[in-house]
Undergrad: 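I have a structure I would like to understand better, so I am pasting it below and will then ask my questions one at a time.
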Amino acid sequence: MAERIQGSFSTPDGLWRVEAIRDRGRHWYRLWHVNRIYQDQLVIGTVEYFLTRNGVDWADLVED
């Protein structure tokens, strides 16, 4: 089974994007900044940490 994006959220300006990934029964999150992977294979708490650290409020993300 290949890696699949289950869903994604981004900031309205498109600078940040969070993807929910599933692969072989595993689930994790990938965090993008602009057009580059910022961090990969994260748990949700770590995603929130990196977003907050970079001035992004989780509540401001919109579903893609």
Undergrad: Say whether, by atom type as modelled, one donor and one acceptor occur between the side chain of Thr52 and the main chain of Glu48 under 3.5 angstrom.
TA: yes

Undergrad: So, do Thr11 and Leu61 sit near enough that their side-chain heavy atoms are less than 4.5 Å apart?
TA: yes

Undergrad: Hey, are Arg30 and Glu3 close enough for a salt bridge, meaning a charged N less than 4.0 Å from a carboxylate O?
TA: yes

Undergrad: Are Ile37 and Val18 connected in the hydrophobic side-chain network, where two residues link if heavy atoms are under 4.5 Å apart?
TA: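 Shared cluster, no.
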
Undergrad: Is a donor on one side and an acceptor on the other found under 3.5 Å between the side chain of Ser10 and the backbone of Gly14?
TA: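 A pair under 3.5 Å: no.
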
Undergrad: Side chains of Val56 and Leu15, heavy atoms from C-beta outward: is any pair under 4.5 Å?
TA: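 A side-chain contact is absent here, since even the closest heavy-atom pair is not under 4.5 Å.
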
Undergrad: Is it the case that one hydrophobic cluster holds both Val62 and Ile5, taking links as side-chain heavy atoms less than 4.5 Å apart, direct or via other members?
TA: no

Undergrad: Would you call Tyr49 and Ile44 a side-chain contact if the rule is heavy atoms closer than 4.5 Å?
TA: no

Undergrad: CD of Gln41 to CD of Gln39: how many Å apart, nearest 0.5 Å?
TA: 11.0 Å

Undergrad: Residues in ring pair (Phe, Tyr, Trp, His ring centres under 6.0 Å) with His27, at least two apart?
TA: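 His27 satisfies ring pair (Phe, Tyr, Trp, His ring centres under 6.0 Å) with no residue once adjacent residues are dropped.
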
Undergrad: Which residue, Trp28, Tyr29, Trp32, forms the side chain to side chain donor-acceptor pair (under 3.5 Å) with Glu19?
TA: Trp32

Undergrad: Is the shortest side-chain heavy-atom distance between Trp16 and Tyr38 below 4.5 Å?
TA: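 They are in side-chain contact.
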
Undergrad: Please check if atom CG in Asn35 has more than 12 non-hydrogen atoms from other residues, nucleotides or ligands closer than 6.0 Å.
TA: no

Undergrad: Is there a chain of hydrophobic side chains (I, L, V, M, F, W, Y, each step under 4.5 Å between heavy atoms) that links Leu31 to Phe9?
TA: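 Yes, Leu31 and Phe9 fall within the same hydrophobic cluster.
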
Undergrad: Taking the basic N atoms (NZ, or NE/NH1/NH2) and the acidic carboxylate oxygens, is any pair closer than 4.0 Å for Arg17 and Asp64?
TA: yes

